[in-house]
2 protein chains.
Amino acid sequence: MNPQAIKVACSNCNLRELCMPMGLTDQDLNRLDDLVAVRRKVKRGDTLFTNGENFTSLYAIRTGFFKTCLATEDGRDQVTGFQMAGEIIGLDGIVNDQHTCDAVALEDAEVCVMPFDRIEEISREVTALQHHVHKIMSREIVREHGVMLLLGSMRAEERLAAFLLNLVQRLHARGFSQSELVLRMTREEIGSYLGLKLETVSRTFSKFVEEGMVEVKQRHVRILDTEGLQRLVNNPAHCH
Amino acid sequence: MNPQAIKVACSNCNLRELCMPMGLTDQDLNRLDDLVAVRRKVKRGDTLFTNGENFTSLYAIRTGFFKTCLATEDGRDQVTGFQMAGEIIGLDGIVNDQHTCDAVALEDAEVCVMPFDRIEEISREVTALQHHVHKIMSREIVREHGVMLLLGSMRAEERLAAFLLNLVQRLHARGFSQSELVLRMTREEIGSYLGLKLETVSRTFSKFVEEGMVEVKQRHVRILDTEGLQRLVNNPAHCH
DNA sequence: CGGATCTTTGAAGATGCTCAAATAGCGTGG
DNA sequence: CCACGCTATTTGAGCATCTTCAAAGATCCG
């Protein structure tokens with residue numbers, strides 16, 4: 001067991017409104033405290049799990065920021081998502097008891113390790129948890145539908161706009177600014193997620209800056225015109 | 001209730017090796033017979049469910065072929081998947097108790113209606129079913145990762161090759177030919193799924209025919225060079 | 001048979017990619 | 001503290017791929 005592991009509880013976690021315990025009663029919450037075996041720290045650049053690794057647990061992110069990515073032998077590489085505090089990671093491993101992607105910490109991170117057999121066990125008794133687990137998986141499916149829409153039908157500007165708005169909205173739900181954010185990933189990682197080359201990402205940022213829609217200083221982004229970005233995402237016809 | 005609905009049972013369904021009952025013991029299977037409330041027929045072109053509709057049930061496809069697609073108000077449209085016999089459809093609806101996409105029958109179809117509260121109820125008692133439901137959802141997540149890889153990193157030929165190989169592989173698992181298939185969808189629907197325009201799909205088919213990799217007569221496709229297609233998907237570097 | 005839909009093919013154009021080079025920031029160690 | 005090397009980012013120019021627009025041909029189904 002990881003030496004950095006420490007015993008913890010969901011019931012007094014400040015992320016409980018976003019994370020696994022969402023919507024559970026206090027009574028149910030106590031049952032959930034058996035769920036998180038340990039916490040685990042992951043240093044920036046390290047992997048939480050990798051493709052091919054045996055699946056044992058889901059992970060709730062307590063702090064830090066992850067990317068999940070698929071790498072094939074032939075050199076293709078696809079970032080399939082970016083995950084932040086309160087989000088659950090590792091769902092890909094359930095189907096074949098093996099993870100099928102890598103989860104890489106983009107900054108020093110800490111996760112709650114939730115052994116999946118424990119989750120299933122408690123789910124059988126705590127209906128609210130069962131329901132919540134189903135919702136978490138369904139949410140991931142719906143999120144990926146959205147990414148497919150983005151990758152399948154949007155042009156570069158629309159993709160980047162959608163990406164920024166999504167990030168800032170999730171950060172806002174966690175108490176951060178609605179208009180400012182610090183990107184934890186490189187242009188290349190953004191590009192991989194959006195199906196674009198890093199140069200295209202960079203150029204598109206520059207274009208947004210020229211048009212006064214955002215300010216960009218390295219990885220610090222300030223959104224000046226949320227509606228403008230929103231319009232890009234929603235009105236494809238207008239923007240040629 | 002739909003007048004075409006008729007009472008049925010999983011335990012003697014010939015799809016049980018592919019569908020919901022997969023891997024359950026005979027004893028558990030009997031419990032599952034309570035699961036499928038009714039069957040429902042869906043005519044070609046009709047919807048099984050639509051975006052915004054209340055979510056109540058998952059559906060197991062008994063016969064026929066579906067597409068699921070996202071349509072936004074601004075005219076974007078994305079086919080998120082094609083589903084065939086034995087596959088489960090409707091998982092998108094769990095998270096918000098509303099479906100977020102349309103499921104359209106591409107040929108006359110019949111589905112088993114499985115009320116989701118029933119699924120959850122039986123899942124609490126039949127561990128194998130609980131586990132199986134989790135696997136089904138995880139499988140969908142992993143499938144979508146694959147589509148993201150396709151949309152994010154493949155060129156037109158690679159996408160179409162991957163698409164054909166995937167279809168024929170799934171059909172083969174259902175007892176059909178490894179090399180021949182009938183497309184149930186239009187070029188436009190294929191294009192939407194693959195993030196391409198219908199003309200590009202058509203041209204790419206023509207190219208495959210020229211190269212002797214497939215025979216195409218309308219929607220009838222015969223694959224002549226499976227390895228060639230596989231190489232396209234796996235060796236991006238070779239194919240420029 | 002005839003209209004509607006689907007498919008194919010061509011030609012021109014746009015978007016994003018590749019290759020290349022310059023610049024900026026970051027972290028380490030002298 | 002500064003220099004250095006490394007990585008990340010920006011920007012330009014030419015190019016490939018895919019899209020758009022257009023028209024003709026095929027197929028399906030009432």
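Chain identifiers are assigned alphabetically (A, B, ...) following the order of the sequence lines, protein sequences preceding nucleic acid strands; residue numbering begins at 1 within each chain. Just so it is clear, the values below take in all heavy atoms, side chains as well, and ignore hydrogens, waters and symmetry mates.
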> Could you check whether A:E107 pairs with A:R44 (Lys NZ or Arg NE/NH1/NH2 to Asp/Glu carboxylate O, under 4.0 Å)?
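Answer for the salt bridge query: no.
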> Would you give the length of the straight line joining atom CG of A:L149 to atom CD of A:E144, rounded to the nearest 0.5 angstrom?
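A:L149 atom CG to A:E144 atom CD measures 13.5 Å (nearest 0.5 Å).
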> Scan B:R159 against the nucleic acid and name what it touches under 4.0 Å (heavy atoms): base, sugar-phosphate only, or nothing.
nothing
> Whole Å only: how far is the CD atom of A:E158 from the P atom of D:dT19?
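It is 14 Å, rounded to the nearest whole Å.
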> Hey, could you give me the CZ/OG distance between B:F49 and B:S57, rounded to the nearest 0.5 Å?
10.5 Å
> With a 4.0 Å cutoff (strictly under), does any side-chain N or O of A:R155 reach OP1 or OP2 of D:dT19?
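No.
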> In this structure, which one of A:I141, A:I94, A:T100, A:N96 forms a side-chain contact (heavy atoms from CB on, under 4.5 Å) with B:S138?
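Single pass found, and it is A:I94.
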> Looking at A:E53, is its backbone amide N or carbonyl O close enough to the side chain of A:T50 to form a donor-acceptor pair, meaning the two atoms are under 3.5 Å apart?
no
> I want to check one thing: is the phosphate of C:dC6, taken as OP1 and OP2, less than 4.0 Å away from some side-chain N or O of B:R219?
no
> Quick one, which residues of residues 194-208 of chain A touch DNA chain C with a heavy atom under 4.0 Å?
A:G195, A:L196, A:K197, A:E199, A:T200, A:R203
> Whole Å only: how far is the CG atom of A:L106 from the P atom of D:dA8?
12 Å
> Check the surroundings of atom CZ in B:R174: do more than 12 heavy atoms from other residues, nucleotides or ligands lie under 6.0 Å from it?
yes
> Taking DNA chain C as the partner, which of residues 181-189 of chain B come within under 4.0 angstrom of it by heavy atom?
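Heavy-atom cutoff 4.0 Å gives B:T186, B:R187.
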> Has A:R187 got its NZ or CZ under 6.0 Å from the middle of the six-membered ring of A:F205, at an angle within 45 degrees of the ring axis?
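Relative to the ring axis of A:F205, which defines the angle, A:R187 lies inside both limits.
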> Is the distance between the ring centroids of B:F82 and B:Y193 under 6.0 Å?
yes
> A:H220 has an atom NE2; how far is it from atom P of D:dT9, in whole Å?
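Rounding to the nearest Å, NE2 of A:H220 and P of D:dT9 are 12 Å apart.
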> Considering residues, nucleotides and ligands other than A:E211, do more than 12 of their heavy atoms fall under 6.0 Å from its CD?
yes
> Within the 4.0 Å limit for protein heavy atoms, which parts of nucleotides 23-30 of chain D are touched? Write it as a string from 5' to 3', B for base, S for sugar-phosphate only, - for none.
----S---
> If I take atom CD1 from residue A:I136 and atom SG from residue A:C19, how far apart are they, to the nearest 0.5 angstrom?
7.0 Å
> Rounded to whole angstroms, how far apart are CE on A:M154 and P on C:dT15?
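Result: 17 Å.
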> Check whether any side-chain N or O of B:T63 sits under 3.5 Å from a backbone N or O of B:E110 as a donor-acceptor pair, and report yes or no.
yes
